[in-house]
There are 2 protein chains.
Amino acid sequence: MFTLRVMSDSQRILDSIRRLVRMLRVSDRQAQLELGVSGAQLFVLTELGKTPSLSLNELASRTLTDQSSVSVVVTRLVDAGLVTRDRDQRDARRLVLNLTRAGRALLQNAPPVAQERLLAIFDALPEAERKRFADTFEEIVDNAGADDGPAPMLFEDSERREGHLKAVPKEDAAAK
Amino acid sequence: MFTLRVMSDSQRILDSIRRLVRMLRVSDRQAQLELGVSGAQLFVLTELGKTPSLSLNELASRTLTDQSSVSVVVTRLVDAGLVTRDRDQRDARRLVLNLTRAGRALLQNAPPVAQERLLAIFDALPEAERKRFADTFEEIVDNAGADDGPAPMLFEDSERREGHLKAVPKEDAAAK
DNA sequence: TAAACATACTTGGGATCGCATCAAATCGGC
DNA sequence: GCCGATTTGATGCGATCCCAAGTATGTTTA
């Protein structure tokens, strides 16, 4: 009956996450219109600017995505003439990715995108608050993600009843 | 050579966001394997469980996504026999969406998914910390989203002249 | 040396997302 | 009553993401 006007703090957090994700997506679209490259592409360019001659896997782990996803993105960048993709001399399996001149140029006058805007907002927070936020966020992600994901291949008998999760507050002292 | 440089708090936050987003995606994937429905689908089912007889647009604003995205998701749910999609008697443009018996059933024994796991983690935080986190998060998202707008639509973009303007991406279009 | 195992990428499948359009239905003004 | 403007969904498009296989290339072992 009542539309539950009072959101719990936990739900407020979830909602913030959703809004944030959406904002990032929309921002990507906009970047694509203005720059011609998508957010993912720009992110790859940025990493490649920071660390040249990366291989695909290295790039994947730096961008926290799957190797196949990066593969596609890199292909687009190569097609656009922003990145060079050569095979490693010593190990012909690996790639050696680098920015072209055009890639560096684009990176330089790329207007601030979503990530930069977010960074600016973070930086504007009082230092103590920012640190607390970062700490809590890391703790949350560690608890949620780490969970020492058991080899993604073992659980077979996942019946439809998965019982429960145990995201127990597992006091992890290994935070640092 | 160790890349373990001291990340600024802002960088740590950004990184947490990326990890979180990735975790959510992977989790969706898993839910799909176990339940047969993706995270987005499950989310729609949940909203429909909370508020029956929604229209597509209402559902879209509740799920914070575009109408077209929801349209596709709903189509899949209808095909799967989990949701009914009828036209409104009084206004044949609108839809009346509802869960089928199967939809309700699935929703009931759906094991906790990513969102639930996150909620559990949030709830495990000390109350004061949780509240502070929620407050800061909302503040950040508000600043990033509303943010005296990065010019809703500036088409002075040199190479794109489609000739037609689109509805202003004004965030608060949800008001109804 | 030849076969078995491992690593690095690519490709195809399936799902999501948001934008731009389009068709149908409804509303409004005249 | 009629015709144009607006609203509601559906569809096509392009891009991303992850996973599962498949294809080379490398390394190790029998």
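In this text the structure is predicted, and so the values were computed from the model without any measurement. Numbers restart at 1 for each chain; the letters A, B, ... are given by sequence-line order, proteins then strands.
Closest approach to the A:Ala92 side chain among D:dG9, D:dA15, D:dG26 is made by D:dG26 (side chain taken as heavy atoms from C-beta onward). Comparing D:dT16, C:dC9, C:dT16 by their nearest atom to the side chain of A:Arg76 picks out D:dT16. You'll find that the side chain of B:Asp66 is closest to C:dG18, out of C:dT16, C:dG18, D:dA10. Among C:dT10, D:dG9, D:dA15, the nucleotide with an atom closest to any side-chain atom of A:Ser38 is D:dA15. The side chain of A:Val73 has D:dC17 as its nearest neighbour among D:dA10, D:dC17, C:dC9. For B:Arg93, the side-chain atoms get nearest to D:dT7 when compared with the rest of D:dC18, D:dT7, C:dG18.
Ranked by how close their nearest DNA chain D nucleotide is to the 5' end, A:Gln67 and B:Val74 are led by B:Val74. Residues A:Arg87 and B:Val72 both approach DNA chain D. Their nearest nucleotides, taken by heavy-atom distance, put B:Val72 toward the 5′ side.
No hydrogens or angles considered: a donor-acceptor pair under 3.5 Å links the side chains of B:Ser53 and B:Asn98.
The nearest whole Å value for the distance from the CE atom in A:Met23 to the P atom in C:dC19 is 14 Å. Between the P atom of C:dT7 and the CG atom of A:Leu59 lies a distance of 20 Å, rounded to the nearest Å. Atoms CG (B:Asp91) and P (C:dC27) sit 6 Å apart, rounded to a whole Å. Remark: P of D:dA24 and CG of A:Leu95 are 15 Å apart, rounded to the nearest angstrom. Distance A:Arg19 CZ to C:dC17 C1': 18 Å, rounded to the nearest Å. Rounding to whole angstrom units, CG of residue B:Leu77 and P of C:dA15 are separated by 11 Å. For the pair A:Arg90 CZ and D:dA24 P, the computed distance is 25 Å after rounding to whole Å. The interatomic distance linking B:Glu34 (CD) with D:dC19 (P) rounds to 14 Å, in whole Å.
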key: salt bridge (Lys or Arg N to Asp or Glu O under 4.0 Å) evaluation trace for B:Arg93 with B:Asp88   = CA-CA 7 Å; B:Arg93 291 171 304 181; B:Asp88 189 321; over 6 Å; no
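Listed pair B:Arg85 / D:dA10 meets the phosphate criterion, a side-chain N or O lying under 4.0 Å from OP1 or OP2. Regarding contacts with the backbone of C:dT16, a side-chain N or O of B:Gln41 is found under 4.0 angstrom from either OP1 or OP2. Look at A:Arg94 and you won't find any side-chain N or O under 4.0 angstrom from OP1 or OP2 of C:dC9. Applying the 4.0 Å criterion to OP1 and OP2 of D:dA10, one finds that B:Ser71 has a side-chain N or O inside that range.
Nucleic acid contact for B:Ser68: base, since at least one base atom lies under 4.0 Å from a heavy atom of the residue. Across all strands, B:Asn57 comes closer than 4.0 Å only to sugar-phosphate atoms, never to a base (heavy-atom distances). Counting any heavy atom pair closer than 4.0 Å across all strands shown, B:Thr65 reaches sugar-phosphate atoms only and no base atom. Residue contacts for A:Thr75: at a heavy-atom cut-off of 4.0 Å it reaches no nucleic acid atom on any strand shown. Nucleic acid contact for A:Arg29: base, since at least one base atom lies under 4.0 Å from a heavy atom of the residue.
Of the possible polar contacts, one joining the B:Arg22 side chain to the A:Leu64 backbone as a donor-acceptor pair under 3.5 Å is found.
For the side-chain contact (heavy atoms from CB on, under 4.5 Å) criterion with B:Arg85, the lone passing option out of B:Val96, B:Leu77, B:Leu97, B:Leu56 is B:Leu97. Just one of A:Val44, A:Thr51, A:Asn57, A:Val70 meets the side-chain contact (heavy atoms from CB on, under 4.5 Å) condition when paired with A:Arg62; it is A:Thr51.
Counting heavy atoms from C-beta on, the side chains of B:Arg130 and A:Arg12 never come closer than 4.5 Å.
Applying the 3.5 Å distance criterion, the base of C:dG18 shares a donor-acceptor pair with the side chain of B:Ser69.
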